[in-house]
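Notes to accompany the following structure.
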Amino acid sequence: MSLRLYNTLTRQKEPFEPLDPANVRMYVCGPTVYDFAHIGNARPVIVFDVLFRLLRELYGKDHVTYVRNITDVDDKINARAAERFPDLAPEVGIRKLTDDTAAQFHKDIASLGVLPPTVEPRATEHIVEMVQMCNALVANGHAYVAADHVLFDVSSMPDYGRLSNRSLDEMEAGARVEVAPYKKGPMDFVLWKPSKPGEPAWPSPAGIAVPGRPGWHIECSAMAGRHLGNVFDIHGGGIDLAFPHHENEIAQSRCAHGTDIMARVWMHNGFLQVEGEKMSKSLGNFITINELLETKTFGANQWHGRVVRWAMLGTHYRQPIDWTVDRLVQARATLFDLSFLHGAPVADAPHPEVIAALSDDLNTPSAISIIHGLAKSAHRNAMSASILKATLQFMGLYDNETQSDLNPGYQVRTVDSVKVDTLIAARLDARKRKDFNESDRIRDELAAIGVTLKDTKNKDTGEIETTWELAR
RNA sequence: GGCCACGUGGCGGAGUGGUGACGCAGCGGACUGCAAAUCCGCGUACCCCGGUUCAAUUCCGGGCGUGGCCUCCA
């Protein structure tokens, strides 16, 4: 089965052919670490995790290099660090902020079933590469120095704008931004800028005397180049990054390296709304991953990471997604239904039809549909159950969670399981006496504390056995 | 204003130039002392208006709606 991926560069699905099947290389723009990651940040992390898993399945675990960076140099970081740690020296406060935020990010996304990338470079560890890149661009005429800045000259690149499908004329006509006076062209962008006192600073490139710091886009070009080479297979990120961030990455990397392309395939996940509205702090619907996982802020419920992941993958990655309580409720109900797999054995490999669905431009909804079909037969067939379980684990959608696990908020006001077991024994006793009034009373009592009973007949002994779960 | 997506049944959500994916909810039935779980069955869905076609939800044009980018926001 062959992998096909939608390429933003060509606006169509294309067969995926790695440059080197022994080392398939993918870069995804990671977070700028100044605050909790929000649910919109979670989408590319989850989506490209699925792609990473798929590539490992298709090409072998040791034949995929996945780079997802951490951007730890940024104006927002500087501002936040100064605000939060006013008594610390700037570089100390910044380091603390970025370390803490990165650690929180790792914790959050681990709960979402996300595998660690092969390499997770930090921008500040690649300043040397950025400086080299600036020097190269100035030397070959694609960049110039002005007012202690290094600026990229977009007019030097004939097909600038190809990724986002816009021409320089269009962009300049539609521009509403004031143009810095030192720019040659209005669309020229900053590769390097001088640092004010208190800001992080490194020795500048291109003979600039004052110390400076990198512009926004250069870090990804530097890290991708260092870890994946001048040309690699896949570059991913949110659709909002296509312009200007990815466009400018392409410009820098290609012109610095003298290549026709930077990445062969450019992939972009769609945007996320919350309850039908743009997520924004001013609307009060801004929701972080951590709030979802550990508080009852959203829908008065705490949500398990697998539930969040399932809800996310229920929609194709390029479609817009409306993040609602109802979708989480449905995802949780589905996972509840699958928890009968708890403790079951696991097959060696995921179901090939699911691999085929994912190979069609990561069609996760179709994959989930196939999973539903598998679940049907898994109720009666242990082999199907083990394949289902392997498939779910492959997609990061299930890892032996119980229903209690999957409903973390509920658990805290539950239930003394000793008491439940005592009541169940009493009920079984009443049933043996055919005292169904008493047996129903006990079941109602348990229902009142959110416990649902299931009676099953043991095939071997013929005895009635009762299990219980939390009401959904 | 320029550029770009998206609009499928009560809800979620794939897909396709020609017999209604799939899930949730709902309804009916089997099973059960009653339930739960499970199983079986049940739905005249593709924003509007034109066009192309033997045939359009699917292609083309226009409109309306929602959203994104053009402002270091995934």
Side-chain angles (χ1 to χ4, degrees), chain A residues 8 11 28-32 37-48 71 73-77 161 164-167 169-178 187 189-190 193 214-217 219 236-245 247-248 268-273 276-281 286 310-311 313-316 318-322 324 326-334 336-337 340 357 360 363-373 375-376 379-380 431 434-437 439-440 443-444 446-447 451-457 464 466-469 471-472:
Chain A
T8 305
R11 267 145 248 282
V28 173
C29 292
T32 301
H38 58 69
I39 187 62
N41 296 312
R43 172 114 98 146
V45 171
I46 292 172
V47 161
F48 292 106
T71 294
V73 50
D74 176 272
D75 288 347
K76 292 194 294 293
I77 292 174
S164 52
N165 196 27
R166 43 185 107 191
S167 71
D169 290 348
E170 279 167 6
M171 288 187 273
E172 289 174 20
R176 300 185 306 202
V177 198
E178 223 174 296
M187 297 310 295
F189 59 91
V190 172
K193 54 192 170 187
W216 174 28
H217 316 292
E219 88 280 11
I239 185 66
D240 58 314
L241 290 182
F243 188 89
H245 183 55
E247 200 72 75
N248 292 349
H268 293 97
N269 61 274
F271 222 68
L272 177 143
Q273 284 181 275
E277 291 184 304
K278 181 184 168 110
M279 178 168 68
S280 72
K281 281 180 178 158
F286 192 90
W310 189 288
L313 294 178
T315 298
H316 183 81
R318 280 191 283 121
Q319 293 288 95
I321 188 168
D322 188 14
T324 62
D326 189 53
R327 122 188 265 127
L328 287 166
V329 170
Q330 283 200 16
R332 186 175 61 193
T334 307
F336 265 35
D337 285 342
F340 74 93
D360 180 16
N363 195 335
T364 51
S366 181
I368 285 175
S369 169
I370 292 157
I371 284 170
H372 284 303
K376 239 179 195 344
H379 282 293
R380 295 184 169 245
R431 292 193 58 203
K434 299 209 187 302
D435 183 354
F436 295 123
N437 285 336
S439 128
D440 287 353
R443 195 183 46 206
D444 291 347
L446 285 167
V451 170
T452 305
L453 299 181
K454 275 198 248 187
D455 293 337
T456 47
K457 190 176 275 184
I464 300 295
T466 302
T467 57
W468 63 277
E469 61 187 44
R472 28 196 91 185

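Lettering of chains follows the sequences in order, A, B, ..., and the numbering in each one begins at 1. Values in this document were obtained by computation on a predicted structure and should not be read as measured data.
Taking the side chain as every heavy atom from C-beta outward, A:N269 and A:I239 never approach each other to under 4.5 Å.
Nucleic acid contact class of A:D74 (heavy atoms, under 4.0 Å, all strands): base. Within 4.0 Å of A:D326, counting heavy atoms only, lie sugar-phosphate atoms of the nucleic acid but no base atom. Using a 4.0 Å heavy-atom cutoff across all strands shown, A:T32 reaches no nucleic acid atom at all. A:L272 comes within contact range of at least one nucleobase, with a heavy-atom separation under 4.0 Å. Among the atoms of the strands shown, base atoms are found under 4.0 Å from some heavy atom of A:H38.
Taking the P atom of each, B:C31 and B:G10 are spaced 33 Å apart, rounded to whole Å. Across the P atoms, B:C22 and B:C40 are found 12 Å apart, a figure rounded to whole Å. On the P atoms, B:G12 is 31 Å away from B:C3, given to the nearest whole Å. Between B:C46 and B:G17, the two C1' atoms lie 14 Å apart (nearest whole Å).
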Polar-atom pairs under 3.5 Å, protein N or O versus N or O of nucleotides 63-68 of chain B: list them with distances, or write none.
from  : atom 1 : to     : atom 2 : distance (Å)
B:G68 : OP1    : A:K278 : NZ     : 3.2

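Comparing B:A74, B:A36, B:C24 against the side chain of A:K454 picks out B:A36 as the nearest. Of the candidates B:A74, B:A21, B:C11, B:A74 carries the atom nearest the A:M279 side chain, counting heavy atoms from C-beta on. Of the candidates B:A74, B:A14, B:C72, B:C72 carries the atom nearest the A:K193 side chain, counting heavy atoms from C-beta on.
Residue A:R327 places no side-chain atom within donor-acceptor reach of the base of B:C11, judged by atom type and a 3.5 Å distance cut-off alone. A:Q330 contributes a side-chain N or O that forms a donor-acceptor pair with the base of B:G23 under 3.5 Å. Side-chain N/O atoms of A:D440 and base N/O atoms of B:G33 include a donor-acceptor pair closer than 3.5 Å. Under 3.5 Å, the side chain of A:D322 and the base of B:C11 form no donor-acceptor pair of N or O atoms. For B:G12, its base never sits under 3.5 Å from the side chain of A:T324 at any donor and acceptor pair.
Of the residues in residues 40-47 of chain A, those with a non-hydrogen atom less than 4.0 angstrom from any atom of RNA chain B are A:G40, A:N41.
A close approach under 4.0 Å does not occur between any side-chain nitrogen or oxygen of A:T334 and OP1 or OP2 of B:G23. The side chain of A:K376 places an N or O atom within less than 4.0 Å of a non-bridging phosphate oxygen (OP1 or OP2) of B:C40.
With respect to the salt-bridge test (charged N to carboxylate O, under 4.0 angstrom), the residues A:D75 and A:K193 qualify.
Scored by the salt bridge (charged side-chain N to carboxylate O under 4.0 Å, His left out) test, A:D322 finds no partners at all (sequence neighbours excluded). Listed by chain and number, the residues in a side-chain hydrogen bond (donor to acceptor under 3.5 Å, both in side chains) with A:T364 amount to none (sequence neighbours excluded). Shown here are the salt bridge (charged side-chain N to carboxylate O under 4.0 Å, His left out) partners of A:D240, two or more places apart in sequence or in another chain: there are none. For A:K454, the salt bridge (charged side-chain N to carboxylate O under 4.0 Å, His left out) partners two or more places apart in sequence, or in a different chain, are A:E469. For the side-chain hydrogen bond (donor to acceptor under 3.5 Å, both in side chains) test, residues two or more places apart in sequence or in another chain that qualify with A:R327 are A:T315. Take A:T8 and apply the side-chain hydrogen bond (donor to acceptor under 3.5 Å, both in side chains) test, not counting sequence neighbours, and it matches A:H268. By the salt bridge (charged side-chain N to carboxylate O under 4.0 Å, His left out) test, A:D326 pairs with no residue at all, sequence neighbours left out.
Protein atom CG of A:D444 is 15 Å distant from nucleotide atom P of B:C34, rounded to whole Å. Protein atom CZ of A:R380 is 10 Å distant from nucleotide atom C1' of B:C40, rounded to whole Å. Put simply, CD1 on A:I321 is 15 Å from P on B:U8, counting in whole angstrom units. Following rounding to the nearest Å, A:H217 (NE2) and B:C72 (C1') show an atom-to-atom distance of 7 Å.
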Task: From CA spacing to verdict: side chain to side chain contact (heavy atoms under 4.5 Å, CB included), A:T456, A:I464 - done: CA-CA 6 Å; A:T456 47; A:I464 300 295; over 6 Å; no
